[in-house]
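Heads up: the structure comes next, in C-alpha cells.
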Amino acid sequence: MSPCNDKQYDVVIVGGGISGAMIAKQLGLAGKRVLIVEAGAPLPVNNNADLERFYKSVVKVPEAPYTPEIVDPPGSTTPSNPNLQNTPRPTSSVLSADDWQNPNASMLIQKGPLPFSSTYERVAGGTTRHWLGTSLRFLPSDFEMAKVYPALNWPNWPLTYDDLVPWYGRAEHEMGVSADKNDQAYLGMTFPADYEYAMPKILQSLLDDTLSQGVAGMQLFDQPVTVTSTPQGRNSRPYQSRRVCAGNTNCIPICPIEAKYDATVTLKQALNTGNVDILYQTVATEILIDTASGQVTQINCVQYDTQTGDKSGECSVAGTIFVVAAHAIETPKLLLMSNKQIAAGIANRSGLVGKNLMDHPIYLAWALMPEPVFPYRGPLSTSGIESLRDGPFRKDRAAFRIEIGNEGWNFPISDPYTTTLDFINGTNHSNLNPQNRQLFGADLVAALNHNFVRQFRLGFLMEQEPETSNYIVPSPEYTDHLGIPRPEIHYNLSDYTKRGFVAAKQAADAIFNKLGATQFTSQPDPNNPSYFEIDGEAFTFFGAGHIVGTYTMGTDPSSSVVQATQKTWDHDNLYLVGSGVFPTVTTANPTLTITAMALLAADAIKQDLG
Amino acid sequence: MSNTQDVANFVALSAILTGIAADKLAPNVDPINIKQTYFDTTQQEAGQPFQQMLAQYSTLKSAGKSDDQIATAILHGSGNAIGNTARSIMALWYLGGWYPSDGSAPHVVSSNAYTQGWSWRVAQAHPMGFSQLRYGYWTSVPPTLKDFVGNGG
C-alpha cells in the first residue's frame, strides 16, 4: 500500500480528539514531526454551520450539531442509516425500544442485555465538541480501590493521586479550567501551596445557592451533604483568546461563543507549531507490525471525499512511534481488527483489549422547588454534591457524584417543549397538567412561568463496576459504508452498580424532602431498554458519555494492556491513550484525567525519541 | 400571499392566544420580522382553515367580542380544523417549530424561529444557545415576567 504522503514523521497519531491534540501540541512544540490521522470532518473555520444545524434540529441531542447528520433528511426526526455513512457514530436519539437494536438506525450493534447509552463524535476535536466542561479531579481513593476496598477485588491504578498532581495542574492550564482550589480540597485531594487554577471559579447559580442552604447540616450514608462549585473548562475571564462565558445554557451540545474549551483549541495550537500535519477523512483500518521485533511498522487507512460516497483511496502512514487516540470504542475495535499477523489482535497478550467497558450510568431525578430558582440560565451545571463520592458504603454499592442541572427539566423531559405543548394541547406528558387543561392568554403564560421557574434536576453519576463481560468487538455482521466493521457491544450493570441506584433514589428523595420540593421523577417504563429491577425497585438509566476502560493500564502485562506511561506491553513503539486506559471509571467525569494522562504520555514519547 | 391587514390580524389574534403582548410579538422596529415568517408558515401548512380563522377573527372583533370570547370561539367553537390551527400557531410562537395537529413530526421553521421562541422568555430566561446576556447574570434574579411578555404577566 502506498504512503498517504511522502513526508517522514517521528510520531503518527490516530484520532484528532483531546488526547491526540494534546500529544501533538507537546511534540510539535518540542520540534518533533507529527502526523494526525482523523476519520471525520476537518476543523471548521468557525462554528456557524454547527450552530445553524443545532438551531434547526428538532432532535436537539448532544450529537445534533455535528456531522455526519444524525437524521435524514436534515431537520427531520428519521435516524440516518449507518450502513450508508462513512463515519457513522452512536447517537442518543436511537436508544428507544424500537431503534436501539435496529442496525439501520443504531451505529452500535447492541447485544445487550442492557443498552450502552453513551455516544461519541468522529470529527476533529472529538467528543469534546459536545462535552459539558466538567473538569473534576479524581479522588485519591479512586486510584487505589484495591487498597481501600480490597474485598471488591478491583484493580488499582498504576499511579496515585499524588503522582498525577503535576499533570492535573498542567492539564487545567492547557484546557483553561475555572475553579478555586480551596473548594476542591475535599475527600483527601490536596494542591501544592503555590498552585492556582487557570481562572477564578465560575459563579454559582441561584439554584446552587438554594440547594446549598437547603441541605445545610444534612447527612446521608454517614457523610455530610455538601454543595461544591464545579471546576469547569469554561472561561470566567478571557483565556487563550477566547471569550468569557455568557451563560448560554447550552454547553452540551454547543457553546455558541466558544467560551467553553474544546479540543479544537489545542488542535489549532498543535497545527500552528508548524511541525504537525493532519489528514482528514482518513480512517485507520489496520495496524501492521514487524513480527520479529513486535514493533509497529505502519497503519493502513482508507480515505473518502463525501460522507456517503465511495472510498476515494487507500494509503498507509508510518513513523517511529505510533499513538492510537481514537477513544474507548474505536481504539479497541482497530486493535482487534488488526488480526492478520496476531490472531488475538494487536496489543492483546492479556486478552483484555475491548474488555471492561464502563460508563457512568445516570439516575436522574427531578422536582419543583417551592419558590422560583430561575433555571434555563447560566452554564448547564455550576455545582455538584461531591461529598458522597467516597465512604464506607463503597464496599457494598456504587458511589456517585450528584450533578446539579441549571437547565430546568430539559434533560429529563425535553422541556420547555413538553410542558408548553401540554398546556396548549391539553395533554399531560410532563405530569404538570393532570387536569389536561387547554390554556391560552394570560392563564397559559402564568401556568408555564409558575412551573418553569421552579424546575430543577439532579443527575447521579454512578461508578460502574469493571467487568470483563462488558466488552466491544468488531461486528462480524455489520459494516459502515466504507466496509469497516461497526462496534458490537455487550453491556450490563452488575448488582453492585445497580445497588448504587437504590442509594441514589434514597438520596434524591431525602434531598427533595429536605428542600420542600415536589418530586416528579417518572415511574420507570418497563418498555425502556434501560429498565432494570434491583432489591424490589425499578429503574431506568441514561449514559453519561463517559466511555471508559477497554485497554486498561496496570503494572502486570497479564492483567493490563498498557503501562502507566500508556505504552503497550506488547509493542514498544505503540501507545494507547484516552479514557480506555482507566482501570476503573471512578466517581468523576473523565476529561481532565484523560488530558493529564495524555500530557504524561507525551512526555514519555519525547523521552523515547530522545 | 398576505396583505397588511391579514398580517396585523394574525399578530393581534396571536397575542390573544399566546398571552404575549402584540408589540412584543411584533415590535415596531422589527428587523427579524418573525411575524411574516410565521404567517407564511401557517399559510403553507394550514391553508384554508387559516384563512377561515382570520376571517372569523375579523368578524368577532367587529362584533365587539372580548379577547376571551374570541379565543374561546376560535379554539373550541369553530371546528377542529380551525382550533388545531390555532394551537399550532401558539406552539409556533412559543417553540419556533410547526407542530402538526395530527401528531406527526414537527419541524423547526428557521434558526430565527428557534432563537425568537417565547417558552424560554416566559421562563424569564433565553433560548438555550442564544443568550445575549453577560457573564454572571445567572447569580441574580431575572427581570420580571411582565418585562418579558408585556401585558400583566
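Quick caveat: nothing in here was measured; it's all calculated off a predicted structure. Chain letters run A, B, ... following the sequence lines, proteins first, then strands; residues in each count from 1.
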Proximity of residues 122-132 of chain B to chain A, residues having a non-hydrogen atom under 4.5 angstrom: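 Listed by number: B:V122, B:A123, B:Q124, B:A125, B:H126, B:P127, B:M128, B:G129, B:F130, B:S131.
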
Residues of residues 102-115 of chain B within contact distance of chain A, non-hydrogen under 4.5 Å: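 Residues B:A105, B:P106, B:H107, B:V108, B:S110, B:S111, B:Y114, B:T115 are the ones that qualify, each having a heavy atom under 4.5 Å from chain A.
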
So for [X], is it side chain, backbone, both, or neither that comes closer than 4.5 Å to the heavy atoms of chain B?
X	answer
A:Y376	both
A:I202	both
A:P253	neither
A:L448	both
A:N451	neither

Name the region of [X], side chain, backbone, both or neither, that has any atom closer than 4.5 Å to a heavy atom of chain A.
X	value
B:Y99	side chain
B:N84	neither
B:T18	backbone

Side-chain donor/acceptor of B:Y94 to backbone N/O of A:L421, under 3.5 Å: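 The answer is no, because no donor-acceptor pair under 3.5 Å joins these two groups.
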
Heavy-atom donor-acceptor pair, A:R377 side chain to B:S140 backbone, under 3.5 Å: yes

Criterion side chain to side chain contact (heavy atoms under 4.5 Å, CB included) on B:W138 and A:N406, from CA distance to verdict: CA-CA 10 Å; B:W138 55 87; A:N406 289 328; 5.7 Å; no

Crowding at CG, A:N46 (>12 non-hydrogen neighbours, <6.0 Å):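 Result for CG/A:N46: enclosed.
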
CD (B:Q48) with more than 12 external heavy atoms under 6.0 Å: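 Atom CD in B:Q48 is not packed in, count stays at 12 or less.
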
Residue-level interface, residues 53-63 of chain A with chain B, non-hydrogen cut-off under 4.5 Å: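 Against chain B, the residues of residues 53-63 of chain A that fall inside the cut-off (heavy atoms, under 4.5 Å) are A:F54, A:Y55, A:K56, A:S57, A:V58, A:K60.
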
Chi angles and distances behind the side chain to side chain contact (heavy atoms under 4.5 Å, CB included) call for B:V141, A:L206: CA-CA 8 Å; B:V141 170; A:L206 291 176; 4.3 Å; yes

Counting heavy-atom pairs under 4.5 Å with chain B, which one of [options] comes out on top?
options	result
A:P256, A:G247, A:P379	A:G247
A:Q438, A:E52, A:E407, A:R243	A:Q438
A:S236, A:G75, A:A259	A:S236

Separation between [atom1] of [X] and [atom2] of [Y], rounded to the nearest 0.5 Å:
X	Y	atom1	atom2	value
A:F440	B:L75	CZ	CG	6.5 Å
B:L95	A:T420	CG	OG1	5.0 Å
B:M90	A:N425	CE	CG	8.5 Å

Results of ring-ring contact (aromatic ring centres under 6.0 Å, His included) for B:Y38 - residues two or more places apart only: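 Residues passing ring-ring contact (aromatic ring centres under 6.0 Å, His included) with B:Y38: B:W93.
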
Pair A:Y417-B:W120, ring pair (Phe, Tyr, Trp, His ring centres under 6.0 Å): steps then yes or no: CA-CA 10 Å; A:Y417 295 90; B:W120 295 271; 5.6 Å; yes

